Enquirer: 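What follows is a single structure, and I will ask about it in a moment.
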Amino acid sequence: MRRTFALALTILALIAPAGTAQDKPPVASHKTEKDVPYRTGDGLTDAMRERCKLDVHYPAGATGAPVVVWFHGGGLIAGSKAVPAALANKGLVVVAANYRLAPKAKAPEYVEDAAAAVAWAFENAEKYGGSRKLVFVSGHSAGGYLTSMVGLDKRWLKAHKIDADEIAGLVPFSGQSITHFAVRAERGIEKTRPVIDDMAPLYHVRKDAPPVLLLSGDRNKEMTGRYEETAYFWRMLKEVGHKDVELLELQGYDHGGMAEPGFPLLVRFVRDRAKAAAAK
């Protein structure tokens with residue numbers, strides 16, 4: 001069900017205690033490895049060698065921890081990887097990945113990079129104390145777009161012999177649901193002309209996709225049309241029979257500011273899914 005989060009409720013979620021001991025992350029020291037290449041071998045371009053790297057923040061000594069692959073924002077033309085402070089030291093394996101940027105990178109190269117980073121997380125989850133069965137994908141803005149593309153359009157992970165349905169959950173923060181404006185700019189399409197083609201998450205809605213939590217800023221403060229296209233994305237997922245999709249509008253927060261109240265919702269989503277998986 002689509003819900004609207006009032007500002008007061010969002011603030012309460014940020015400051016309220018976890019409630020039960022089971023909600024608290026395990027006590028463990030955490031370590032970080034930086035600039036780990038997720039593309040290796042022959043045939044790499046200079047851009048791949050420079051940008052296809054990730055940082056891993058993980059709880060030392062843990063086993064079976066949830067894994068969150070996080071993609072930064074920046075309109076597909078800027079930005080750099082960083083483990084969000086709100087996800088650090090939470091008992092999670094956090095994989096923060098860079099990807100090639102437009103306009104030097106052309107569609108779908110940044111989506112291919114995102115899929116390669118997610119594949120790396122599946123392949124290396126256990127090495128860092130995580131679980132291959134609990135790999136979640138998330139990101140803000142352009143990172144949200146990449147999250148949805150990798151999770152909805154199966155061809156990108158299929159190239160790495162991974163079924164996108166193995167992803168435990170998708171949490172795009174204010175991601176573009178239509179064809180991204182960077183892709184449209186590459187094609188010479190003006191930014192006010194919406195396009196839905198195979199480079200749009202909306203084009204790939206399917207009932208058997210992983211669980212989805214869609215987060216948007218306030219519809220009156222967001223990027224133009226961003227809430228509305230996210231709401232349409234939610235509706236179309238419901239229309240095709242997806243049983244586990246929710247949309248939350250974070251009232252009072254603009255496009256950049258909505259990430260802060262979004263992180264506790266991401267953590268809660270991940271922990272709830274991990275508990276449900278453990279109970280089966």
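All values reported here derive from a predicted model rather than from experimental measurement.
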Enquirer: Is it the case that over 12 heavy atoms from other parts of the model lie below 6.0 angstrom from the CD atom of E186?
Expert: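 For E186, atom CD is crowded (more than 12 foreign heavy atoms under 6.0 Å).
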
Enquirer: With sequence neighbours excluded, tell me which residues meet side-chain contact (heavy atoms from CB on, under 4.5 Å) with T147.
Expert: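 Checked T147 against side-chain contact (heavy atoms from CB on, under 4.5 Å); matches are F71, V137, L170, P172.
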
Enquirer: Which of these passes side chain to side chain contact (heavy atoms under 4.5 Å, CB included) with V95: V83, V68, V67, V118?
Expert: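 With V95 as partner, side chain to side chain contact (heavy atoms under 4.5 Å, CB included) holds for just one option, V67.
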
Enquirer: In terms of hydrophobic clusters joined by side-chain contacts under 4.5 Å, are V240 and L247 together?
Expert: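 Same cluster: V240 reaches L247 through Ile, Leu, Val, Met, Phe, Trp or Tyr contacts under 4.5 Å.
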
Enquirer: If you look at every heavy atom in V111 and M199, which pair is closest and at what distance?
Expert: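 Smallest interatomic distance, heavy atoms only, reads CG2-CE, 3.9 Å.
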
Enquirer: Under a 4.0 Å threshold between the charged nitrogen and the carboxylate oxygen, would D46 count as salt-bridged to K104?
Expert: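 Not counted as a salt bridge, because no side-chain N and carboxylate O are separated by less than 4.0 Å.
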
Enquirer: Quick check: do V183 and Y110 have side-chain heavy atoms less than 4.5 Å from each other?
Expert: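 Side-chain contact under 4.5 Å: yes.
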
Enquirer: Is there a side-chain contact between M258 and E222, using heavy atoms and a 4.5 Å cut-off?
Expert: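 Yes; the side chains approach each other to less than 4.5 Å.
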
Enquirer: Do M223 and E229 pass the side chain to side chain contact (heavy atoms under 4.5 Å, CB included) test, and can you show the C-alpha distance, the side-chain angles, and the key distance before you say yes or no?
Expert: CA-CA 11 Å; M223 295 182 71; E229 63 182 85; over 6 Å; no

Enquirer: Side-chain heavy atoms under 4.5 angstrom apart, residues restricted to Ile, Leu, Val, Met, Phe, Trp, Tyr: same cluster for M236 and Y227?
Expert: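 Same cluster.
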
Enquirer: For A82 and W70, which heavy atoms make the closest approach, and how far apart are they?
Expert: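 Nearest pair, atom of A82 first, then W70: O-CD1, 3.8 Å.
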
Enquirer: So, do L76 and H180 sit near enough that their side-chain heavy atoms are less than 4.5 Å apart?
Expert: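 A side-chain contact exists here, since the closest heavy-atom pair is under 4.5 Å.
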
Enquirer: So, D218 side chain and Q251 main chain: donor-acceptor pair closer than 3.5 Å or not?
Expert: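 No; zero donor-acceptor contacts below 3.5 Å.
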
Enquirer: Given the rule in the side chain to side chain contact (heavy atoms under 4.5 Å, CB included) test, do D35 and D55 qualify, once you have shown the distances and angles that lead to the verdict?
Expert: CA-CA 6 Å; D35 294 327; D55 296 344; 4.1 Å; yes

Enquirer: Any idea which heavy atoms bring A65 and P59 closest together, and the distance?
Expert: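 Taking every non-hydrogen atom into account, CB-CG, 4.4 Å.
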
Enquirer: Nearest 0.5 angstrom please: M149 CE to T179 OG1, how far?
Expert: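 Result: 8.0 Å between the selected atoms.
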
Enquirer: Got a donor-acceptor contact below 3.5 angstrom from the S29 side chain to the A60 backbone?
Expert: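 No: the side chain of S29 does not pair with the backbone of A60.
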
Enquirer: Do H204 and D198 have side chains that get closer than 4.5 Å, going by heavy atoms?
Expert: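 Yes; the side chains approach each other to less than 4.5 Å.
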
Enquirer: Rounded to the nearest 0.5 Å, what's the gap from CG on L214 to OG on S148? Could you check?
Expert: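 Going from the CG atom of L214 to the OG atom of S148 covers 6.5 Å.
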
Enquirer: Let me confirm one number: the CG-CG distance from L266 to L92, rounded to the nearest 0.5 Å.
Expert: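 Going from the CG atom of L266 to the CG atom of L92 covers 8.0 Å.
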
Enquirer: Give the cluster check for Y232 versus Y145: same hydrophobic cluster or not, with ILVMFWY residues linked at side-chain heavy-atom distances below 4.5 Å.
Expert: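 Yes, one cluster joins them.
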
Enquirer: So, for A164 and P210, which heavy atoms are closest and what is the spacing to 0.1 Å?
Expert: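 Heavy-atom minimum between the residues: O-CG, 3.4 Å.
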
Enquirer: Would you name the heavy atoms of A259 and F173 that are closest together and state the gap between them?
Expert: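 Looks like O-CE2, 3.6 Å.
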
Enquirer: Take atom CZ of R235 as the centre, draw a 6.0 Å sphere, and report whether it contains more than 12 heavy atoms from other residues, nucleotides or ligands.
Expert: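 Not more than 12 within 6.0 Å, no.
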
Enquirer: Does R184 pair with D197 as a salt bridge, N-O distance under 4.0 Å?
Expert: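 Result for this pair is no, no salt bridge flagged.
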
Enquirer: Hey, what's the ring geometry for H72 with Y99, parallel, tilted or perpendicular (30° and 60° as the breaks)?
Expert: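 Plane angle under 30°, so parallel.
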
Enquirer: Do the non-hydrogen side-chain atoms of V135 and I167 ever get within less than 4.5 Å of each other?
Expert: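 Not in contact.
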
Enquirer: Linking I/L/V/M/F/W/Y whenever their side-chain heavy atoms sit closer than 4.5 Å, directly or via other members, would L237 and Y203 fall into one cluster?
Expert: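 Yes, same cluster.
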
Enquirer: Answer whether the closest heavy-atom distance between the side chains of I162 and R132 falls below 4.5 Å.
Expert: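 Side chain of I162 against side chain of R132, heavy atoms only: contact under 4.5 Å found.
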
Enquirer: Could you measure the distance from the CD1 atom of I77 to the CZ atom of F181? Nearest 0.5 Å is fine.
Expert: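 The distance works out to 6.5 Å.
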
Enquirer: More than 12 foreign heavy atoms under 6.0 Å from NZ of K221: is that the case here?
Expert: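 Counting other residues, nucleotides and ligands, NZ of K221 stays at 12 neighbours or fewer.
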
Enquirer: With rounding to the nearest 0.5 angstrom, report the NE2 to CD distance, H160 to E123.
Expert: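 Between H160 NE2 and E123 CD, I get 8.0 Å after rounding to 0.5 Å.
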
Enquirer: When you look at NZ of K133, are more than 12 heavy atoms from neighbouring residues, nucleotides or ligands closer to it than 6.0 Å?
Expert: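 At most 12 heavy atoms, drawn from other residues, nucleotides or ligands, come within 6.0 Å of this atom.
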
Enquirer: Taking H242 for its side chain and A209 for its backbone only, find out whether a donor-acceptor pair lies under 3.5 Å.
Expert: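 At least one qualifying donor-acceptor pair exists.
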
Enquirer: List the steps, then state whether side chain to side chain contact (heavy atoms under 4.5 Å, CB included) holds for W234 with V245.
Expert: CA-CA 7 Å; W234 167 83; V245 55; 3.9 Å; yes

Enquirer: Does R100 use its side chain to pair, donor to acceptor, with the backbone of M48 at less than 3.5 Å?
Expert: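 No; zero donor-acceptor contacts below 3.5 Å.
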
Enquirer: Is the closest side-chain heavy-atom distance between L202 and F233 below 4.5 Å?
Expert: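 Contact flag for L202/F233 side chains = yes.
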
Enquirer: Identify the two heavy atoms, one from S141 and one from G73, that lie closest to each other, and give their separation to 0.1 Å.
Expert: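 Closest pair (atom of S141, atom of G73, distance): CB-CA, 4.3 Å.
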
Enquirer: Are R219 and E249 within salt-bridge range, i.e. N to O under 4.0 Å?
Expert: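 Result for this pair is yes, salt bridge flagged.
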
Enquirer: Is E109 reaching over with its side chain to a backbone N or O of K106, donor-acceptor style, under 3.5 angstrom?
Expert: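 Side chain of E109 to backbone of K106: a pair is present.
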
Enquirer: I'd like to know if the side chain of R226 reaches the main chain of S174, judged simply by a donor and an acceptor atom lying under 3.5 Å from each other, with no hydrogens or angles considered.
Expert: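 Yes.
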
Enquirer: Is a side-chain N or O of H57 found less than 3.5 angstrom from the main chain of N89, in a donor-acceptor match?
Expert: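 Answer holds: yes.
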
Enquirer: Is there a donor-acceptor pair closer than 3.5 Å between any side-chain N or O of N98 and the backbone N or O of K53?
Expert: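 Pair absent, no side-chain N/O of N98 close to backbone of K53.
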
Enquirer: With rounding to the nearest 0.5 angstrom, report the CG to CG distance, D165 to D208.
Expert: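 So the gap between those two atoms works out to 5.0 Å.
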
Enquirer: Is there a side chain to side chain contact (heavy atoms under 4.5 Å, CB included) between Y128 and E33? Walk through the geometry before answering.
Expert: CA-CA 10 Å; Y128 294 94; E33 288 188 22; 3.0 Å; yes

Enquirer: As a test of understanding, state which of R273, K207, K238 forms a salt bridge (charged side-chain N to carboxylate O under 4.0 Å, His left out) with D244.
Expert: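 So, applying the salt bridge (charged side-chain N to carboxylate O under 4.0 Å, His left out) to D244 and each of R273, K207, K238, only R273 qualifies.
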
Enquirer: With a 4.5 Å limit on heavy-atom distance, are the side chains of K90 and R271 in contact?
Expert: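 When only atoms from C-beta onward are counted, R271 and K90 do touch, with a gap below 4.5 Å.
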
Enquirer: Ignoring hydrogens and angles, tell me if any N or O in the side chain of N124 forms a donor-acceptor pair with the backbone of W120 under 3.5 Å.
Expert: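 Such a contact is found between N124 side chain and W120 backbone.
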
Enquirer: Can you get from I196 to L146 by hopping between Ile, Leu, Val, Met, Phe, Trp and Tyr side chains that sit under 4.5 Å apart?
Expert: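 Yes; tracing contacts between hydrophobic side chains, which count when under 4.5 Å, links both residues.
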
